[in-house]
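Comments concern the structure below.
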Amino acid sequence: ACGTSSEEPSTDEGASDTTELTPVTVGVIPIVDVAPIYLGVEEGFFEEQGLDVTLELAQGGAAIVPAVVSGEYEFGFSNVTSLLLATYNDVPLKAVAAGVFSTGTDPDFGGVAVLDDSDIESPADLAGRTVAVNTLNNIGDSTIRYAVEQDGGDPSDIDFVEMGFPDMPAALAAGQVDAAWILEPHLTRALLPGARVVSWNYVETDPDLMIAAYFTSQDFASSNPDVVEGFVAALQASFELASSDPAVVADILDTYTDIDPEVKDAMTLPRFESEFSEDTVALLADLALQYGLVDEEIDYSALLP
Amino acid sequence: MSATMSLKTVSKRSSRGRGRGLLRRIVMIVALPLILLSLWWIGSANSTNFLNPPLSTIIGTFWETWFTADTFADTRFMSDVIPSVGRILAGYGVALVLGILLGVLIGSRRNLRAFLEPVLEFFRAIPPPVLVPIFMLFMGIGPEMRITVIAIGCIWPILLNTVEGVRGLDPVLKDTASAYRLRGRRRLTHLVLPGASPQIVTGARQALSIGIILMVISEMFAGRDGLGFSIVQFQRSFAIPEMWGGVILLGLLGVIMSLVFRVITDVILKWYYGYLQSQRGGE
Amino acid sequence: MSQAGRVRGAAAPGIPAWMLGAAGVATLLVLLELIPRLGLIDPRFLPPASEILAALAESASTAVFWAALWHTVLTWAIGLAISLVAGVVLGVVIGMIPFLREFTASTIEFLRPVPSVALIPVAVLLLGTGMASTLLLVVYASFWQVLIQVLAGVQDVDPIASDTARSYRFRTLTRIRTVVWPTTLPYAMTGLRLAAAVALILTVTGELLISFDGIGGLLAIARESGAVASMYAYVIVAGMLGVVVNILARWTERRALFWHPSVRLEVMV
Amino acid sequence: MTDTDNGAANSATLEIESLGKTYTGRGEPVEAIADLSFTVAAGEFVCVVGPSGAGKTTLLRTLAGLLAPTTGEVRLAGSVVDAPPQGMAVVLQEYGRSLFPWLTVAQNVELPLKEKHVPSARRHELVRDALAAVSLAGDEDKYPWQLSGGMQQRVAIARAAAYEPQVLLMDEPFAAVDAQTRFELEDLVRRLWKRLGVTVVFVTHDIDEAIYLAERVLVLSGRPTVLLEDVTVDLGDERDQLETRSHAEFARLRTHVYELVQAAKKGARSLGEAHLSH
Amino acid sequence: MTDTDNGAANSATLEIESLGKTYTGRGEPVEAIADLSFTVAAGEFVCVVGPSGAGKTTLLRTLAGLLAPTTGEVRLAGSVVDAPPQGMAVVLQEYGRSLFPWLTVAQNVELPLKEKHVPSARRHELVRDALAAVSLAGDEDKYPWQLSGGMQQRVAIARAAAYEPQVLLMDEPFAAVDAQTRFELEDLVRRLWKRLGVTVVFVTHDIDEAIYLAERVLVLSGRPTVLLEDVTVDLGDERDQLETRSHAEFARLRTHVYELVQAAKKGARSLGEAHLSH
Ligand SMILES: Nc1ncnc2c1ncn2[C@@H]1O[C@H](COP(=O)(O)OP(=O)(O)OP(=O)(O)O)[C@@H](O)[C@H]1O
Ligand SMILES: Nc1ncnc2c1ncn2[C@@H]1O[C@H](COP(=O)(O)OP(=O)(O)OP(=O)(O)O)[C@@H](O)[C@H]1O
Ligand SMILES: [Mg+2]
Ligand SMILES: [Mg+2]
């Protein structure tokens, strides 16, 4: 991976004289969720732990998981359901730290949006409707189903359609879908001209829902426990800074995204916390089985940090 | 010289073994794929890499994935592969008609070509993954959108080859047609289309596999069913043997479609092959 | 139509081709400006051309943009060169030996429709997330375009020309150089133009999905960030690259195929 | 463009007026025709001879409206020829390449008739008769590339004959057939000419043939072409391969034209120069 | 395949033994050559005549090793011909298509010489001389599609002449040139034949030409071809356009061959049948 990406943070100050820094590459996605790690790299939290971190952007799991398994990346970022699915299919991954959490309240950083004049008023109304999600059979549809079920609707009667988040505001506005599960910053883009949220599905699933996590390969975890430890510690520091000061998060976003200032001001940030939530893993594993993402119970013990 | 020799031996052999022709053809079709599959089988036998499962595992899941269900109509083959094939055929058909029509127009009018070419080249260079969302804006997320994506992708090789085929028509034939005042439809069907047909067929052949590829891409967007959709789903959920099974199915689809294609073009181009062969030994 | 320009074509020489081409592009821009402005489509999702071009101008003033463009062009050029050389060499060899042609036909048909996107995980596993992976996708996709065209071209050799070469006992290499290749050239030129666009598409797609650098990376970031105008600006860059490539291909063609009816009958207006 | 009245009473007079043609393609411009003016009366049979590379084919293509003249103009029945006119048939020098390889022999002959909207029954009759006249009955269903060179040429002739044109332009149409067939085809064209009253311009290298066939022989100079001499052939209306060719006048004309062509080949560009040389 | 000794003392005897050729492509099989056996001695000049569509081109292609015989075989200097042999040059009937349109006239002529590893200086000399001999000096840098039909044909002839072959096969090589040029080319080929002692097989439709050129004229029957008669031409070694052609023996041979071809065209398949018909 040649790092021609401009957004690659420079860690030069320390790197030149302390040669014993361990080089570490992390595969991340260009979304709000990974702001803390950018922050941490910029603040030098990782160098303090003896790590020279390079952040590589990728579109999603299709590229990050193989790269982590093959050892090209030491760490990666992914949503929890994807990690469970990988584990279910014997991909040797190990989570090391939490990534982002739901805010636990209204507003969250993601929810199911409908147009203002829609007759959908509550999650249960989603039954029988077309709902856009970014990936089928993943965290979005399983949490929505759960929210609908809890609201008294029939979760099996939702017509999910796969669509990239960036395309959802347009599809919603054009009436091509009845509702769309959108994450920030696209949620704000959709809401600004006249849409509302009918379900904060993450919050409704569990106010403390851990959405994503940082992970490594089981090989790497067992042979480099100190690197993992240092990585987690640096992440922790990063999370603390990010949660304490939303302004620095907004600034760091400019280094790796291209979000419109107006949108950035209006959007909701996720909750950053390092505590890994095994409860979430258990809950999402249940939901995966319940809604047919997998055929058998997932044995996720190897995944847990 | 060596090529000449082998050409001779082949033609001699084929004339001798007319009865064995079919058998020979079948052997030719399956020989190399079998060799490659065996290599794959051996090479992957002890693989522990999750992305590169043993071929035996892939084949093991293949039948179950695609052909096992309560009724045949419920199998993935019927629910995913068949709709995909339908969309390919529809998109390919549209591309064929439009590509040839536009190609003839553009190929025979210099000014029109100069006017349109930059715009067409512009669209040709835009990756379908960014083009699809734009189509979604206009056409929604139904099958029309997918068929359009396939058609837009397939049209280029057909269009380009038709344009070049029409431009490259034998000038003596064109003069003959002009001298006898062949015009309009008859000029099209008796001069332009047959004259350009070897190249049009080449373009259509190219488009066949592009259609399959774009079927996959179009089903990555707002998809609900389809072969490409299934492959992407398997990939996302790390069901890698199933994914490879899907890729193999794509390849098989390509082979089957090209066999059908060959049967059809052998009829359309029988004059061309006959003409090429006539002086190569006359057999 | 005839040796020296038909009467109907007599009006043509007045307007040079590049002006017609520019007029075509201008028409497209006007359409792109009008469609959102007339409300045929929500300008938030497809901004008018003027806005897109403004975003492009802004982006083009940054060094990041030019570095990305260079990176994309480089990846594209390397990938295209590899598939071109491989496609032409293999195409000529397979095309000239009937046994090979028949022997490989089914495998070629099997491999061609495998979409590059399905190969992404494999590419990443084998080659990592850098340029090499993108190159693999680029070569895999564009190689077939060249190969199929060259195969068709080799088959199209005029039997009389090939008999002439045989009767003077041209060695295989001479035959390839003096008979097979010139006949194949028009086909190969089309193959080049097809492959150039496919290579560009796959370069951008690879950057978009794997390596996140180059124009594709910028495009992905703009997309993920909901920066619609910038996103279309990068789409336009990709399209313009395509136009430039075509101009180059046509220029080469006019020189290399001066003897071919398609070219010689046109310049003789 | 021209009146399409059938039968012998057509008015297809060809007027060529200070015609010039210069090829400007790759390389130096090539002046093929310097300046030609002559008239072919309606229903006249004119042969054109001249050294190889003189500009005969260029002239014929210009008459056919396939090539735009650089200077001057061609008029058929009073209208300027700027595209192939109605009721004209052409046999091109590249006979092999002028047949559609994707059509059978019969289809090749039939195609222009379809375009002319000849009713189906009459069309088949015309095709059959024309192919029989060039001794190709029985080869209807072959493709052109299954024929010998001479057979291909005869298909092109049959196509022109079946068309029943008012103007017939032929460019060395018998170059690839044997002597015996050639005589038969010569008589075929003469018969066609008489029956339809068609205006014929016939390019040939065979001076005997030119004199045997024509009422006038135009002798062209070398490139750039001018008219060296317009030789009138006074051999009567009825001609016969044996008799006509043994005529004294035939022998005289033959020697005369032969010497002219020889002179043209040596570079003579006017009658004066030509006669100087012998 | 054959010995490549240069000069007049080559041993390129052509033996044709019960040769048969049937085309089995699309449609009915076509038997072009029924059964032909004859020998062309080393350094002999043989002309082949026969009605159009007889099988002359087929025969020539088979001799050239371009076409595999269905039965029988062709031997050159003792070795079976199954691919174009060394030291052979061919002028095909489709002269236009046998020139490479992407090469200039000079390059077309030069290419086989390069392949033969003729040193550059000698090569240029050969090309220049050959083009001058066919009156194409000055057209070296033109492309074939800028030439008239006759000029194209002369390029093909120049290419064969410059090659200095031991066996020269020509298929109606002068069909597209004017009478005067034809005479010159005939003399050119005779000179070439004498100078190099080359074995020549020459297909033509012009019976006068066949007799003027050849030491033997093979008259073929119509398709499927058999040898009608092998006519020996006793006109001496030195020939001259005016003198030879006015010879009484020339006239006799001419009438004889002409009648044979006429008989062949009418369907005669043996000398007996042929003589019955006149
Ligand atoms: N397309 C062309 N471009 C340039 N020059 C040409 C072209 N076609 C013909 N010429 C030149 O014009 C001259 C006349 O050619 P044309 O074909 O009319 O001769 P011709 O009298 O028919 O000769 P032939 O008897 O050999 O067929 C020739 O010198 C030829 O080189
Ligand atoms: N490729 C082919 N397929 C089938 N039949 C063929 C093919 N080529 C030639 N023939 C047939 O073989 C016969 C002999 O053809 P060939 O070309 O040898 O004749 P030829 O003597 O050279 O005639 P010409 O004097 O007209 O050139 C013809 O009847 C022709 O129809
Ligand atoms: Mg001519
Ligand atoms: Mg012949």
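Each chain gets a letter, A, B and so on, in the order the sequences are listed, and its residues count up from 1. All values below were derived from every heavy atom in this structure, side-chain atoms included, with hydrogens, water molecules and symmetry-related copies excluded.
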Using the side-chain contact (heavy atoms from CB on, under 4.5 Å) rule, take Arg101(C) and Met96(C) through it: C-alpha gap first, then chi angles, then the decisive distance, then the call.
CA-CA 8 Å; Arg101(C) 185 190 272 269; Met96(C) 286 188 68; over 6 Å; no

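- Using a cut-off of 4.0 Å between Lys/Arg side-chain N and Asp/Glu carboxylate O, Glu117(B) and Arg124(B) are scored as not salt-bridged.
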Carefully, step by step, assess Arg193(C) and Glu121(B) under the rule salt bridge (charged side-chain N to carboxylate O under 4.0 Å, His left out).
CA-CA 9 Å; Arg193(C) 289 174 60 214; Glu121(B) 293 300 320; 3.0 Å; yes

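- Between chain C and the residues Pro198(B), Ala31(B), Pro118(B), the largest count of heavy-atom pairs under 4.5 Å involves Pro118(B).
- Using a 4.5 Å cut-off between heavy atoms, Leu116(B) makes no contact with chain C at all.
- Only the side chain of Leu28(C) comes within contact range of chain B, with heavy atoms under 4.5 Å apart.
- Here the closest non-hydrogen pair linking Arg262(B) and Ala105(C) is NH1-CB, 4.1 Å.
- When all heavy atoms of Ser106(C) and Val255(B) are compared, the closest pair comes out as O-CG2, 3.7 Å.
- Residue Tyr234(C) does not touch chain B at all, counting heavy-atom pairs closer than 4.5 Å.
- Classified by interplanar angle (parallel below 30°, tilted 30° to 60°, perpendicular above 60°), the ring pair Tyr140(C)/Trp144(C) is perpendicular.
- Heavy atoms closer than 4.5 Å to chain B are found in the side chain of Leu219(C), but not in its backbone.
- One finds no salt bridge joining Arg25(B) and Glu102(C) here, because no Lys/Arg side-chain nitrogen approaches an Asp/Glu carboxylate oxygen to under 4.0 Å.
- Heavy-atom pairs under 4.5 Å with chain C were tallied for Val119(B), Val216(B), Val27(B); the largest tally goes to Val119(B).
- Proximity to chain C (any heavy atom under 4.5 Å) is restricted, for Leu36(B), to the side chain, taken from C-beta onward.
- The two residues Glu219(B) and Gly228(B) come nearest to each other via the heavy atoms OE1-N, 2.7 Å.
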Could you check Gln199(B) against Thr162(B) for side-chain hydrogen bond (donor to acceptor under 3.5 Å, both in side chains), going step by step and ending with a plain yes or no?
CA-CA 6 Å; Gln199(B) 241 161 310; Thr162(B) 308; over 6 Å; no

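- A salt bridge links Glu164(B) with Arg250(C): the distance from a Lys NZ or Arg NE/NH1/NH2 to an Asp or Glu carboxylate oxygen falls below 4.0 Å.
- In this structure, the portions of Ile248(B) lying under 4.5 Å from any heavy atom of chain C include both its backbone and its side chain.
- Looking at Ile88(B), there are no atoms closer than 4.5 Å to chain C (heavy atoms on both sides), in backbone or side chain.
- With respect to chain C, the highest number of heavy-atom pairs below 4.5 Å among Val30(B), Ile217(B), Thr202(B) belongs to Thr202(B).
- Contact of Ala23(C) with chain B is made through backbone and side chain together, with heavy-atom distances under 4.5 Å.
- Comparing Ile108(C), Leu20(C), Leu173(C) by heavy-atom pairs within less than 4.5 Å of chain B, the highest count is held by Leu20(C).
- For Leu112(B), no part sits under 4.5 Å from any heavy atom of chain C, backbone or side chain.
- Between chain C and the residues Ser258(B), Ser209(B), Gly246(B), the largest count of heavy-atom pairs under 4.5 Å involves Ser209(B).
- Interface residue Tyr272(B): only side-chain heavy atoms are found under 4.5 Å from chain C.
- Using a 4.5 Å cut-off between heavy atoms, Met257(B) does not touch chain C at all.
- For chain B, no part of Thr203(C) is nearby; none of its heavy atoms comes within less than 4.5 Å.
- A heavy-atom distance below 4.5 Å is found between the side chains of Ser142(C) and Val138(C).
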